[in-house]
Structure formats: structure tokens, C-alpha cells
Number of protein chains: 2
Amino acid sequence: MARPRTFDEDRLLTGAMHVFRRQGFAASSVRDLEEASGMTSGSLYNSYRDKQGLFEAASAHYNRTVLARRIEDHAPEGAGIAGLRRLFLSLLREPDGGSSGCLITNSAVEFGGKEQAGFVTEGLAVLRACFADRLGGNDTEAVGLLALYQGILVLIRAGYDKAALEAMITQHFETLEKRHGC
Amino acid sequence: MARPRTFDEDRLLTGAMHVFRRQGFAASSVRDLEEASGMTSGSLYNSYRDKQGLFEAASAHYNRTVLARRIEDHAPEGAGIAGLRRLFLSLLREPDGGSSGCLITNSAVEFGGKEQAGFVTEGLAVLRACFADRLGGNDTEAVGLLALYQGILVLIRAGYDKAALEAMITQHFETLEKRHGC
DNA sequence: TGCATTACATAATGCGCGTTATGAAATTAG
DNA sequence: CTAATTTCATAACGCGCATTATGTAATGCA
């Protein structure tokens, strides 16, 4: 019917996602997004209506790829508490030192107070469900792990001492496994 | 010597602090700060050099008043683990529902990746030291509480279910006290 | 081969931002 | 009373922002 698209949407969304993770929504200019996505602003607006629309697409992309993949890689179904420990420790081993943080955490804070974007509540629900399942169904404990997870991401983004965090995670899961052992 | 100041610096800093807490640094315009502080931009720039300078003053004010007062009110020296529980539960009882969040947490996320502002690392250190002391010196456990604390603030700001958080906190400190009991 | 339609690039627009310049008001020192 | 100095209000400035308008390239359909 018409001219076909030539750009790689996956690359585009991945680039935009990185910008939003690093800088947040408000501090990311459309120029930044042009450079990171390799696309001109006209096309961005043609495809995603506006900056907000691009953000929504990029954040859905985050949930689909980064979040889901991290769970699948470290704590898939049946991995139990050992999987959760791997998941938590993996946060310390991010390529850039984890300074980009988690788009869910970052957005929860940036848009806090307002009605939250869907992908935030959705991502939090996915994590909570994962934790509850791997813990054997203890939902209250899952909420505790969810909070701990978010807090670790905050501290990592703040440049907090990684060794201290690693020791804390290790000890936390040790006592967690001990408690679930008896 | 010259014309004396007529404005109440405490009110000014408190107003600016609220704006920064609610909206973050980037999303807070100088106009917002004028309205909240009851001061015109000319005076703001005269007294605090620029927006960044006002932010630094407001965040120092936060550490001095909000943070220090919260610790003193709920978990002063000698209050032990029971005091820490009160401190954590107090986060759920903030006037505005806690949607403004904590300026330390919010700034750690917003400026993540860059060198952190002094008041962030300082505030985190104050909390960690408080936790370690009230726990009886267990530093690794203090880091765990620090992360939990930050994560709770993230979830509150995200509008997370308060009942679930309260149940989680209660249970968490129950097992914590039990462990420190034997 | 046009015609309609969509993709994409370039350029322009208007607005709100942080910041600065200017001037008046208020105070003290001499 | 005057000069010096600092406070504070008003107004203006320039810049970068998100967004829109315009034009051109590429495809399928008639």
C-alpha cells in the first residue's frame, strides 16, 4: 500500500529505553532520543505520537525484554530461593555498574504521586508474583523481597558500596533459606 | 549596613523542599519555586545563586529537619528494634499518603549515575548508622534495613497497597526481634 | 504509468525555561 | 542628610524544548 518501514524497531526502542533509564523522562530531550535511536524526530512523532508515546513503547519494551529476561535467566519457575538469590546478586553485575538502574524503580519515583503508568504496577506485580511463587506461596514475605529489591536498585543507582550490598544479600538469603528449611 | 532581609528562610526552604520532593529537581520550574516559597525569582537568585543552589539548601534543610526529626521522634538512641519498627511504620502514616516520598530516595534515583549530591550519601550514612546502632551493632543487617527502607519509600511513592506494606513490616520486625532474642 | 498512501528528512514555530539586567526601597555609617 | 550597600520586584533576554508543517522518497493498486 505504501512505503515500508526501514528502521529496526527493536533497536529504536532499545536505544530510547537506555536514554530513559539513564536520565529519566523529564531530563531526556527529543534530541537525545534521536541520537540514541538513530531516527529523526519527524519519524518518532509519526510513529509514536509524542515523547510520552515513545516512553510508553520503550517502557513496555523494558518489561518484555529486560525484566522478563532477567527473571528467566536467574530465577525461572522451579528455581526456588536459590534462584532468587541469583536474581538479586545479578543486580550487582550489570554492565555499566548498574548505574542506569531499573526503569520501573526510576519511573515509580519520577512519576510518584500521580497515577502510575501501567508498566510500573505491572512490573511490580510480575516481580511480586515471581517472588511469592519461588518462596512457596508466602505472599507477605514476597512483598518484603519486593521492597528489598527496589531498595537495592536505589542504592546501586546511588553508587552505594557494592561489597556491602553483596554481603547483605548473601546473609539475607542465608537466613531466609534457614527459615524455610525448618 | 544595608537593607535587612524580610523573608522567613525556614518557610522558604520548607516550601522549596516540598516542591522538589513532589516533582523532582528537573520537573520543578523556578515559577513553581516562586509560588511555593512566596518569593520572587530575583530574590531567589540573589540569595541562592541559581536553581541548583536553592536545591542544595533545600535538601540540606530536609536532612536537618525531616530526616533527623523522624529518627528522633520514632527511633531515638536506646529505642532498639522496637524504635526501628515505629520508624518504618511511620512512613505509612505521612500526611499526604507519603506520595511525596523521601527527598534522599528521590534524588538518589533522579541523579543516579552522576556523582551523588552530598546530602544523599550523608542521609544514607545517617540512616545506616542509626540502624546499626539500634540493632546492637550488626552492620550487615543495617545495610539490609537501609535497602528495605528505601524500597518501602519507592513502593509508597508508587501508590502501593498500604495494608500489604504494613503487614510486611510487622512480620519483618517480628522475625527480626525473634532472631535477636535468642 | 499515474494515484493514493505511508515513511522519513528538514525546517520552522511557539512557548516556557533558567537566568540576568535594571531600578526602587530600605537600612546604616559618616 | 548623604553615600554606600544590600534586598527585593519587575521586566526582559536568549536558548532549547516539544511539537508541527512542509516537502520528498518509496511502495502497492488501478
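Every chain is numbered from 1, with letters handed out A, B, ... down the list of sequences.
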Handout entry: Interatomic distance, Tyr45(A) OH vs dA7(C) P [rounded to whole Å]
Key = 18 Å
Completion exercise
Here the distance between atom C1' of dA26(D) and atom CG of Asn46(A), to the nearest Å, is 14 Å
Handout entry: Ring centre gap for Tyr149(A) and Phe88(A) strictly below 6.0 Å
Key = yes
Handout entry: Under-4.0 Å side-chain N/O to phosphate OP1/OP2 contact, Ser43(B) with dA9(D)
Key = yes
Handout entry: Residue Thr40(B), side-chain atoms from C-beta onward, closest of dT10(D), dT19(C), dT10(C)
Key = dT10(D)
Problem - Residue whose closest nucleotide on DNA chain D lies nearer the 5' end, Asp32(A) versus Arg49(A) - result: Asp32(A)
Handout entry: Minimum-distance nucleotide (side-chain atoms of Phe7(A) versus dG18(C), dT19(D), dC8(C))
Key = dC8(C)
Completion exercise
Here the gap from Leu148(A) atom CG to Met168(B) atom CE, rounded to the nearest 0.5 Å, amounts to 9.0 Å
Problem - Closest-nucleotide 5' rank along DNA chain C - winner of Gly38(A) and Gly42(B) - result: Gly38(A)
Practice task
In whole angstrom, give the distance that lies between atom CE of Met39(A) and atom C1' of dA9(C).
Solution key: 11 Å
Problem - Ring geometry between Phe55(A) and Phe20(A) (parallel below 30°, tilted from 30 to 60°, perpendicular above 60°) - result: perpendicular
Handout entry: Any Ser41(B) side-chain nitrogen or oxygen under 4.0 Å from OP1 or OP2 of dA9(D)
Key = no
Practice task
Verify the contact: side-chain N or O of Arg31(A) to OP1 or OP2 of dC17(D), cut-off strictly under 4.0 Å; return yes or no.
Solution key: yes
Practice task
Ignoring backbone atoms, test whether Ser29(B) places a side-chain nitrogen or oxygen under 4.0 Å from the OP1 or OP2 oxygen of dG16(C).
Solution key: no
Practice task
Measure from CD on Glu34(B) to P on dC8(D) and round the result to the nearest Å.
Solution key: 14 Å
Problem - Nearest to side-chain heavy atoms of Arg5(A), which nucleotide of dT10(D), dA7(C), dG18(C) - result: dA7(C)
Problem - Sugar-phosphate, base or nothing in reach of Ser47(A), heavy atoms under 4.0 Å - result: nothing
Exercise for the section: Starting from C1' on dA9(D), measure out to CG on Leu12(B) and report it in whole angstrom. Expected result: 16 Å
